[in-house]
Amino acid sequence: MKKAIVCGAGGFIGSHLVKRLKSEGYWVRGVDLKLPEYSKSLADDFIIGDLRDPVVCKNSINFDFDELYQLAADMGGAGFVFSGENDADIMHNSALINLNVIEYAYKAKVKKVFYSSSACIYPEFNQLSEDNPKTEESSAYPAQPDSEYGWEKLFSERLFLAFKKNYGIDVRIARFHNIFGPEGSWKDGREKAPAAMCRKVSETSDGGEIEMWGDGLQTRSFLYIDECLEGVRKLMDSETFFGPVNIGSEEMVSIKYLAEIIMEIAGKKQKIKHIAGPLGVRGRNSDNSLIMEKLNWKPSYSLRDGLILTYKWIDEQVKKK
Ligand code: NAD
């Protein structure tokens, strides 16, 4: 039986990844500051601990796991990452976690290590217009991410790659583009656009008004959680390709259109009030040429399919309040 350790197993992607690995027959250890908020973890063993502490890392990554997934980070949506108020914590906390995790993964002779990077590493100057953003993997350099969150991710990509180069550890890196789905942050200040819009539409009556940051013409693409995990597992199973590679959707939409799809799913028609707020780059889309070429894979769910499932879950949470 294969053994995996998921760092960040109490978070959105980590908790879904544990379920996925269990469904594939793995023995799984989770590590996080907290247990998952919305359902019981399926991990065989769950260590509550702070990965900024090298002793916690050493005690958690304490044998030669077949696979380690490093998802733990101090992160959130635009309200958390682009306000500027959390920059020191984002950089300090996530860098410490990554420095510790890769060191102990190496010391424990873990066989394969996955690192979750982000689309936020791509240069701001290639994403200034809403209709033709560039996120080809090779365009990461010369670097100019638009947030400290992106700079930390880029540093940690390089850190993991340096361990691969100098110590031969088998590292794989994906750059996630806006992953969404049930059981993610939706009201704690770390939520991303799809969850925030689902919440606003659910909380507001038909004919009412919802708020949106900016003019709503900024563009993004969003990937449903199950697709993200499929991409991660394909990357981990590859014998020839290790990334860094985008894992995202190429279905780019404006935030205004995102809200309109959600209203349509909810069966409501609401007015949009545009207000000032943290925005990030003007346009972003995943470029999936490399993943298609190397892993012969691209996501198949439409944005609408994923939003139907996500709206249903958030609507239930709103009604439970
Ligand atoms: P999340 O915030 O839901 O999960 C991160 C988890 O890390 C949380 O459960 C948190 O408690 C844990 N954590 C934070 N500090 C810790 C510490 N010191 N010790 C132990 N655990 C700690 O985020 P997510 O959406 O599941 O993202 C997972 C990874 O994917 C992150 O590295 C994130 O940067 C990356 N990523 C996510 C997205 C996305 O759209 N969700 C996009 C790009 C990259």
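Note that the coordinates shown come from a computational prediction; the quantities given were computed from them, not determined experimentally. Below, all heavy atoms of this structure are taken into account, side chains as well, without hydrogens, waters or symmetry copies. Start at 1 and go down the list; that is how both ligands and their atoms are numbered.
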Provide, to 0.1 Å, the distance between [atom] and the closest protein heavy atom, together with that atom's residue and name.
| atom | answer |
| --- | --- |
| atom 14 (C) of ligand 1 | A73 O, 3.3 Å |
| atom 29 (C) of ligand 1 | L71 O, 3.1 Å |
| atom 27 (O) of ligand 1 | I13 CD1, 3.8 Å |
| atom 10 (C) of ligand 1 | D32 OD1, 3.4 Å |
| atom 40 (O) of ligand 1 | I179 N, 2.7 Å |
| atom 23 (O) of ligand 1 | M75 SD, 3.4 Å |

Taking the six-membered ring for Trp, are [X] and [Y] parallel (under 30°), tilted (30 to 60°) or perpendicular (over 60°)?
| X | Y | result |
| --- | --- | --- |
| Y224 | F180 | perpendicular |
| Y69 | F114 | tilted |
| Y122 | H177 | tilted |

Please identify which atoms of ligand 1 are closer than 4.0 Å to at least one heavy atom of [X].
| X | value |
| --- | --- |
| A72 | 7 (O), 21 (N), 22 (C) |
| K34 | 9 (O), 11 (O) |
| G10 | 9 (O) |
| D50 | 17 (C), 18 (N), 19 (N) |
| K192 | 38 (C), 39 (C), 40 (O), 41 (N), 42 (C) |
| S117 | 43 (C), 44 (C) |
| I97 | 15 (N), 16 (C), 17 (C), 18 (N) |

Heavy-atom contact check, 4.0 Å cutoff: does [X] meet ligand 1?
| X | value |
| --- | --- |
| F180 | no |
| K153 | yes |
| N178 | yes |
| G49 | yes |

Could you verify whether a donor N or O on one side chain and an acceptor N or O on the other, from [X] and [Y], lie under 3.5 Å apart?
| X | Y | answer |
| --- | --- | --- |
| E183 | S15 | no |
| E152 | N98 | yes |
| E157 | S117 | yes |

Determine, for F242 and R172, whether the Lys NZ or Arg CZ falls below 6.0 Å from the six-membered ring centre while staying within 45 degrees of the axis.
-> no

Note: Q70, heavy atoms under 4.0 Å from ligand 1, region reported as neither

Minimum heavy-atom distance F65-A4, with the two atoms named =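 For F65 versus A4, the nearest heavy atoms are CD2-C, 3.6 Å.
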
Taking a hydrophobic cluster as the set of Ile, Leu, Val, Met, Phe, Trp and Tyr residues connected by side-chain heavy atoms closer than 4.5 Å, whether directly or through intermediates, do I272 and I261 fall within one such cluster?
-> yes

